[in-house]
Every structure is written in C-alpha cells, then in structure tokens.
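Each chain gets a letter, A, B and so on, in the order the sequences are listed, and its residues count up from 1.
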Number of protein chains: 2
Amino acid sequence: MIDLYRSFVMMIVMPAPIIPREEVLDRLLAAFREHGYDGASISRLSEATGLGKASLYHHFKGGKQEMAEAVLIQSGSRFSSLVIAPLRGGGEPRRRLRAMTAGLSDFYARGQGSCLLELFGIGAAGERFRPRLKGAIHRFRNALAAVLGEAGLDQAEAASRAENAIIAIQGALVVGRATGDQSVFRRTLECLPDSLVGPGQQRVGPAEAK
Amino acid sequence: MIDLYRSFVMMIVMPAPIIPREEVLDRLLAAFREHGYDGASISRLSEATGLGKASLYHHFKGGKQEMAEAVLIQSGSRFSSLVIAPLRGGGEPRRRLRAMTAGLSDFYARGQGSCLLELFGIGAAGERFRPRLKGAIHRFRNALAAVLGEAGLDQAEAASRAENAIIAIQGALVVGRATGDQSVFRRTLECLPDSLVGPGQQRVGPAEAK
DNA sequence: GTCTATAAGCAGATAGAC
DNA sequence: GTCTATCTGCTTATAGAC
C-alpha cells in the first residue's frame, strides 16, 4: 500500500523527464570519459543520465556494450560534421585545415575530452570497438591526405603527413590529460596547418600506401 | 583430514616456486597492459603471476593499487636506463638520439606495449598515478631538450621539439594499438632523430618555459 | 518508459591452516 | 610464503508494478 502511494506520488511530481536520446548519449560519453569504459559502472551511468538502471536497459538492451556503441556512433557522426566535413568543403587548403583544427578543438572540448582510442581501445572494450575506431582513423587520414594533395604534396608525402598529424593529435590529448595541461593540445592544433602544408620534410617517413 | 592430505601433497609436489619479484612485476605489467587497470581483476592478476590471491596480498598489502605502483616504479627505472641514460651519455647528439629510439623500441616492445599514460591515467587509477606519470614525462622532456640544446638549438626551440617528440611517441603507441599496426610506431621512431635535430621549424609552437 | 526490488555472480580483500 | 575458504559489497542484468 505504501509502495502504491510512493509510485503514485512519483508519477505526479516526476513526470517522466524523457530527455532526448542525444542528450542521454552525451551524458553517457561524459561518464565514459571520466571513468573509462570499465570504470563506468551501470550505477554511475544511471546517475550520469538521471535514468534508473532498468530504464537504461530499456533503451539499450545490449547493456553497457550497446551504450558504448551508441555513444561511438554519435561521436562518429559528430566527428564527421566537425572535422571531416570542413576538410571536404571547398576553399583554400590552408583555410580548410584551419576549419579542421577548429572542429577538433570543439570535438575534444579544447583538450579536456580524452581521446576515444584511449577509452574504447583497451581491455574488454577493445576487441569490440577497435574496428570502428580503426575505420574512423582511416577516414580521417584519407580526408586529410586529400587536402594535402590539393595543396601540392605528392601522394606519399601527403599520406605520411596526414598520419603524423593524427598521431600528434592523439598524442597531445594523452599527454595533456596525463599532465593536466590543456595548453599542450591547443599548441599542437595551432601548429598543425602550417606544419602540414609548410615546406621541408618534417616527420617524413617511408609512407606505406595502404 | 582430506584437506590435511591435500596440503601436504601440495607442499611436496609444488615446492613454492618463489619466482623473483622482478618477474612478478613483469607479469603484472603484462596483465595491466592487456586488460587496463580496471579490467585487470585480482583473479586475473593471480592467474598471470601464478600466485594465489592471498599470496599477492602478502607481497602487496595495499592491494591492486600497490601492485600498480610497484609496476610503475619498476617501469620508471627501466625507462631511466633504457631511454634517459642514453640521452645523458656522451657522444654526438644525433647518436644519442638514436640510442634513445632504440631504448624506446625496447621499452615499448616495438610498439606492442601500450603507453602507460593510457593504462594508468584513466579512471580510478588516474588520480593516484598521474603525479608519477607527470614526473616521468617531465624528466624525459628535460633530458631530451638538453641534448637538443647541445645540438645547437636555442632553449625554447629545444623544449618545444622535445615536447612534440613525446607527443609523437605516445600518439604513435595509441594509434598503432587502435589500428593494430605496429609499423606506425616503428616509423615514428625512425624519423625522430632527423626530425629533432634537422633544419626548419617543424611543429614549432610558442614553447612555454615551465 | 519509468521505477523498485531482487537475482546471480564477481569484485577486492582477509582469516587462518600449513 | 603459499594455499583454501570465506566475507562483504558492488557488478551486470532482469522481473514486474505502474
């Protein structure tokens, strides 16, 4: 009887928030970023989203794995619009590269958001999500190399520099997080455009066409 | 009575392996690398070392945290001898840089060993281990910058390039792990020496003296 | 679509025999 | 210094009311 009363009250005073799915995914991502995949327990994810555990399972029947997958899908499309799309847009190459770095800054919350490879590429999560992450890296690399090609670099050089840029971005996120210094990421982004289309062979390696 | 018998047999047929502490730490590190800090349960660590759970707690009274700390301390001293020491040794700067990259290749098992920042910089582990990781990065950066200074670069430029090198190394590990491509790490190491002491301003940023 | 309550099992950690 | 056995709490996941 008392249970009945409580349920009744709850339905009146808490009229089912129903926050949009996008918002739920944002909060899940935030929780994953803070605790890592393994460290983000269902309880924490429940807290982070404001949804009860059972509600989470209602939306993501596959449990935590499905939550992470949904988060990755959303992140992927956000990455596409913030980072890849500006690369594909018209205009001067260097200008497109600047648009890309601006998008990267947004996507990674100016360096505060840790790199997704770090979060979902390790341990239990790794096996499952690595193909998706690998695909994203590949798309990024190709889009970036295409711009560098338009800027006049030969194909091998463009591919090599694109790869190095991705390495620098991910490295800056990891190092910045470890040192608690956001400026590492900011500086890395600032130098990218000039470094990418600039003269000389920086970080040139025997690029393997893949 | 049957328990008594079993214990007796065990003491005879399994005469306390007593593997050296160094070996135990190596196996713990391997387990942490495979599963991440949170994902490496005591059961798994027990399996990995061949020691029973209670034995692990006998050696590391602080539990998993102390195991990780011991692993980090061992890794730190190994990093010092494999990577930092070659930088401090005499000889031509470029030669010392080559010795460093050789040491890095060893330390990271030619790219297979994931970066420790990734393993111990996230989630529950993060708060505890970040100071240690931060210190290691700092020492590495200083040792590297000193060599670049001897090679003729001014202080700001040396500091900037040293930082970029560390970023590239960590980034290559992360990207290489995500893509399952070890060659990323190898290529990055190969290019480092030339890229570090070479001409031109690559990846030059407003280096902040810290 | 949200909740409460609960199941089943694994986590980290300890007691105590030998 | 190793083990077996065990404890407590938290984990993922589900059942079922509303």
Side-chain angles (χ1 to χ4, degrees), chain A residues 1-25 27-28 31-32 35-71 123-125 128, chain B residues 1-25 27-28 31-32 35-71 123-125 128:
Chain A
M1 190 55 197
I2 227 180
D3 279 348
L4 185 68
Y5 173 73
R6 275 175 45 188
S7 296
F8 181 68
V9 166
M10 205 164 301
M11 287 169 65
I12 300 301
V13 302
M14 301 180 62
I18 310 188
I19 58 177
R21 179 183 168 90
E22 197 183 30
E23 175 69 17
V24 170
L25 291 176
R27 297 187 190 183
L28 287 176
F32 281 128
H35 305 290
Y37 179 79
D38 286 318
S41 67
I42 301 292
S43 298
R44 276 203 252 243
L45 296 175
S46 168
E47 253 187 87
T49 55
L51 292 169
K53 296 182 193 179
S55 298
L56 276 179
Y57 278 97
H58 175 78
H59 293 287
F60 307 96
K61 319 225 159 158
K64 199 158 92 163
Q65 277 204 343
E66 193 180 322
M67 298 180 210
E69 239 150 50
V71 161
R128 182 98 174 195
Chain B
M1 189 56 198
I2 226 178
D3 280 348
L4 184 68
Y5 173 73
R6 274 175 45 189
S7 295
F8 181 69
V9 166
M10 204 165 302
M11 287 170 66
I12 299 302
V13 302
M14 301 180 61
I18 309 190
I19 59 176
R21 179 183 168 91
E22 197 183 31
E23 175 68 19
V24 171
L25 291 177
R27 296 188 189 181
L28 288 176
F32 281 128
H35 305 288
Y37 179 79
D38 286 319
S41 67
I42 300 292
S43 299
R44 275 203 254 243
L45 296 175
S46 167
E47 254 187 86
T49 55
L51 293 170
K53 293 186 194 179
S55 298
L56 276 178
Y57 278 96
H58 175 78
H59 292 289
F60 308 96
K61 320 228 157 151
K64 198 157 94 161
Q65 277 204 342
E66 192 180 323
M67 297 179 211
E69 239 151 50
V71 161
R128 182 101 174 191

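Taking B:R21 as the reference, nothing meets the salt bridge (charged side-chain N to carboxylate O under 4.0 Å, His left out) condition, with sequence neighbours excluded. In this structure, B:R44 has no salt bridge (charged side-chain N to carboxylate O under 4.0 Å, His left out) partners at least two apart in sequence or on a different chain. Remark: A:A48 pairs with A:A31 by the side chain to side chain contact (heavy atoms under 4.5 Å, CB included) rule, at least two apart or across chains. Here B:E66 pairs with nothing under the side chain to side chain donor-acceptor pair (under 3.5 Å) rule; sequence neighbours left out. Not counting sequence neighbours, the partners of A:E23 by the salt bridge (charged side-chain N to carboxylate O under 4.0 Å, His left out) test are A:R27. The side chain to side chain donor-acceptor pair (under 3.5 Å) check on B:E47 picks up nothing, with sequence neighbours excluded.
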Quick one: side chains of residues 50-64 of chain B, donor-acceptor pairs under 3.5 Å with protein atoms, not counting sequence neighbours, listed by atom name and distance.
| from | atom 1 | to | atom 2 | distance (Å) |
| --- | --- | --- | --- | --- |
| B:K64 | NZ | B:Y37 | O | 2.9 |
| B:K64 | NZ | B:A40 | O | 3.0 |

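Residues from residues 35-48 of chain A with heavy atoms under 4.0 angstrom of DNA chain C: there are none. Taking every heavy atom of residues 52-66 of chain B and every atom of DNA chain D, pairs under 4.0 Å involve B:G52, B:A54, B:S55, B:H58, B:H59, by number.
Atom pair B:R128:CZ and C:dG12:P shows a separation of 15 Å (rounding to whole Å applied).
With rounding to the nearest 0.5 angstrom, the CE atom of A:M67 is 4.0 Å from the CD1 atom of A:I42.
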